Amino acid sequence: MATAGTASIDLFVDRPRQPGSAFPLNRKTMQTSAATVHERPAFLGSTKQLLIGGQWVPAASGEAFDTFNPADGTVIGRLARGGPVDIDRAVAAARAAFEGPWSRWKPIERQRLLLRINDLLLAHAEELAVLETMDMGAPLSRTRSTVQWISQTILHFASCTGAATTTTSSHSLPGEVMALTHKTPLGVVGGIIPWNGPLGGQWWILGPTLATGCTCVLKPAEDASLSVLRFAEIMAQAGVPDGVMNIVTGYGSEAGSALAAHPGVDKISFTGSTETGRKIVAASAGNLKRLQLELGGKSPDIVFADADLDIAVPGAAMGVFSNSGQICYSGTRLFVQRRVQEEFVERLRHFSAGLKVGNGLQPDVDLGPLISARQLDRVMGYVKIGSEEGAVLAAGGARLGNELANGYFVEPTVFSDVANTMAIAREEIFGPVISVIPFDTVDEVLKMANDSEFGLAGGVWTRDLSTAHRVSQGIRSGTVWVNCYGMVDPTVGFGGCKASGYGWKGSTEHVESFLQRKAVYINLN
């Protein structure tokens, strides 16, 4: 499963960075930030409805289901169980909004709308961060940083509202003919987002939707929908017209599959597992929808013997442990050059032992819980498989109990002496589990790094510039980091290849994918 997160702004160590900063904050700064008094969001507790055409309405079935705080297993709300009928209503509302006054908004009006949304985001920053932490478990240090990253993302898309242009083109037609090329909004976009960072992940759909004049129907993950629903209320305050943004909560097999197959949807943007991505590709064939897919990953992170281990050890560790390993591009296949492997694993063990796992609302927490009991069982199952396959459990590997027993917590886990053929080195675990794989030469490690069905991301740690260039160009993936891991800027973006999907997130290319071209030939004779 992939993430939105897609959009991680964590770096190197067990300390958060200020957005846009090249260096992490120190521990004292983190303690002060994390200890800020926070209130339980008033949004929690009640049954949430669907947003369709600007109105909050129950699911057509009248059914709802519980949503849980993964830190303690308590129910924090109920979500409407939307299905195909609700998707029909939402798509109809989105189509009506697309063909209505919204289509006549000028670029400056859409830009001002995005700026108002940004102002309200910052005004509600703490509420949204706390809500996201309680809904999906990430520590407050991370969710607070996510809010700042969202602001940066909104401002980027606010700068792209003029993308729907008309240009003249030179040609070789006889006579007096003018050729125009129009870029126009694509139409109704369906967005299916995951649970590992919904507050930020939704902006890969909302940003270009609002910038270009499209409309959308969002289906957030059933495990974490609350921050998306709360932010929809905030967007309404900013003046988003009715029907431009619609939200249908529910299960992927019901609401999600109906959205993917709906003939009234012009584009699907999906973040999730490769298995589900393949089903969406098949479902899209009915009306040949455009697709943007960010799917699974099993990314190689390569540490050479000449790397600065003071940076590489915490950097590679948090390239996996950040968000409790629930990030699609986590560098979970950690290739370490053999002559420093023993030292590296020992340092990695020491670093992992120093990380604090707990409720993300508590100060100093580095890793929160996994999203659900189902995901916890999956991760613990892979820990068992790794040991059975002959890998050495160098650190962690246990579910945490005592005061954390009701939550879905697992220790940061490190396996050493892993072979690239083992299941823990080939299959996406989506938890805080590192597989350390030894190598000797550049050619050998590139061959192993690319021996995977996935191609989402990768990393390189070295002081040698020629090695950095050779390896970063040799890794078959959409993004490669050198001497860092997980940095994403919305003006640059990221994407995947192979079974990790296709289509770019971020940059002007992302915005362009929400537009369609039309050529107009005018005979001037």
Side-chain angles (χ1 to χ4, degrees), residues 8-13 17 20-24 297-322 327-348 351 414 416-421 425-426 434-489 491-498 500 504-507 509:
S8 170
I9 54 174
D10 293 333
L11 186 59
F12 312 153
V13 292
R17 291 188 309 116
S21 171
F23 301 99
K298 194 69 179 177
S299 299
D301 197 9
I302 303 170
V303 180
F304 286 89
D306 70 335
D308 183 345
L309 298 190
D310 289 339
I311 295 176
V313 170
M318 295 311 292
V320 178
F321 296 150
S322 182
I327 299 178
C328 51
Y329 51 63
S330 294
T332 51
R333 287 191 299 151
L334 184 53
F335 295 94
V336 180
Q337 202 156 25
R338 199 178 304 274
R339 65 178 182 267
V340 295
Q341 183 196 11
E342 184 176 346
E343 177 186 358
F344 191 94
V345 170
E346 180 56 36
R347 286 189 179 213
L348 192 57
F351 177 83
V414 178
S416 65
D417 299 315
V418 176
N420 202 39
T421 56
R426 303 201 68 80
I434 295 175
S435 296
V436 178
I437 305 169
F439 74 94
D440 293 300
T441 67
V442 171
D443 289 338
E444 177 194 15
V445 75
L446 279 176
K447 183 177 180 180
M448 289 194 293
N450 291 327
D451 181 17
S452 171
E453 68 169 323
F454 300 110
L456 193 56
V460 186
W461 302 84
T462 180
R463 303 184 205 220
D464 186 89
L465 187 59
S466 63
T467 300
H469 278 297
R470 181 182 175 188
V471 176
S472 62
Q473 292 182 46
I475 295 174
R476 288 195 61 204
S477 68
T479 305
V480 177
W481 293 282
V482 179
N483 293 331
C484 61
Y485 205 94
M487 303 173 74
V488 172
D489 188 290
T491 62
V492 179
F494 67 100
C497 62
K498 300 195 286 186
S500 291
W504 201 252
K505 285 185 174 180
S507 81
E509 182 178 339

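Worth saying up front: this structure is predicted, and the values here are computed from it rather than measured.
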**Message:** Rounded at 0.5 Å granularity, tell me how far CG in L456 sits from CD1 in I327.
**Reply:** 11.0 Å
**Prompt:** So, the side chain of D417 versus the backbone of I437: is there a donor-acceptor pair under 3.5 Å, distance only?
**Reply:** no
**Item:** Check: I311 and N483 side chains under 4.5 Å, non-hydrogen atoms
**Value:** no
**Contact check, side chains of V336 and V345, non-hydrogen atoms, under 4.5 Å** = no
**Request:** Keeping the roles fixed (side chain from D306, backbone from D464), state whether a donor-acceptor pair exists under 3.5 Å.
**Result:** yes
**Message:** A quick test of your reading: do over 12 heavy atoms of other residues, nucleotides or ligands sit less than 6.0 Å from CD of E444?
**Reply:** yes
**Atom CZ of R426 with >12 non-hydrogen neighbours under 6.0 angstrom** = yes
**Interatomic spacing from NZ in K298 to OG in S435 - rounded to 0.5 Å** = 5.0 Å
**Fill in**
For S472 and H469, the nearest pair of non-hydrogen atoms, with its separation, is OG-O, 3.2 Å
**Complete:** In terms of heavy-atom contacts, Q337 and D440 come closest through NE2-O, 2.9 Å
**Short side-chain to backbone donor-acceptor contact, K498 and F454, under 3.5 Å** = yes
**Request:** Flag the pair F335 / F304 as yes when their ring centroid distance falls below 6.0 Å, and as no otherwise.
**Result:** no
**Item:** Polar side-chain atom of R347 near backbone of A312 as donor-acceptor pair, under 3.5 Å
**Value:** no
**Request:** State, to 0.1 Å, how close G458 and S477 come at their nearest heavy-atom pair, and which atoms those are.
**Result:** N-OG, 3.9 Å
**Prompt:** If we only count heavy atoms from C-beta on, is the E346 to E342 side-chain gap below 4.5 Å?
**Reply:** no
**Prompt:** Checking Y485 side chain against G331 main chain: does a donor-acceptor pair fall under 3.5 Å?
**Reply:** yes
**Request:** Give a yes or no on whether the backbone of G474 and the side-chain of N450 come within a donor-acceptor separation of less than 3.5 Å.
**Result:** yes
**Q341 side chain reached by V303 side chain, heavy atoms, under 4.5 Å** = no
**Prompt:** Between Y329 and G486, what is the shortest heavy-atom contact and its length?
**Reply:** OH-O, 3.6 Å
**Request:** Taking the side chain as every heavy atom from C-beta outward, state whether W481 and V488 have any atom pair closer than 4.5 Å.
**Result:** yes
**Prompt:** Can you tell if the side chain of I475 reaches within under 4.5 Å of the side chain of I302, non-hydrogen atoms only?
**Reply:** yes
**Request:** Show your working on salt bridge (Lys or Arg N to Asp or Glu O under 4.0 Å) between D443 and R470 and close with a plain yes or no.
**Result:** CA-CA 10 Å; D443 289 338; R470 181 182 175 188; 2.2 Å; yes
**Message:** Checking the side chain of W504 only, and the main-chain atoms of V492 only, is there a donor and an acceptor separated by less than 3.5 Å?
**Reply:** yes
**Message:** Show, in sequence, the C-alpha distance, side-chain angles and deciding distance for D301 and W461, and conclude whether the side chain to side chain donor-acceptor pair (under 3.5 Å) test is met.
**Reply:** CA-CA 8 Å; D301 197 9; W461 302 84; 2.9 Å; yes
**Item:** Side-chain touch N420/D451, heavy atoms, less than 4.5 angstrom
**Value:** yes
**Fill in**
Rounding to 0.5 Å, atoms OG1 (T421) and CE (M448) come to a distance of 10.5 Å
**Asked** What closest approach, in Å, do A317 and I434 show between heavy atoms, and which atom pair accounts for it?
**Response** CA-CD1, 4.0 Å
**Asked** Which atom pair, heavy atoms only, marks the closest approach of G297 to S500?
**Response** CA-OG, 4.1 Å
**Message:** As a quick check of understanding, evaluate side chain to side chain contact (heavy atoms under 4.5 Å, CB included) for V320 and L334, giving each step before the final call.
**Reply:** CA-CA 9 Å; V320 178; L334 184 53; over 6 Å; no
**Asked** Should T491 and D489 be marked as a side chain to side chain donor-acceptor pair (under 3.5 Å) after you check the CA-CA gap, both sets of side-chain angles, and the distance that decides it?
**Response** CA-CA 5 Å; T491 62; D489 188 290; 2.5 Å; yes
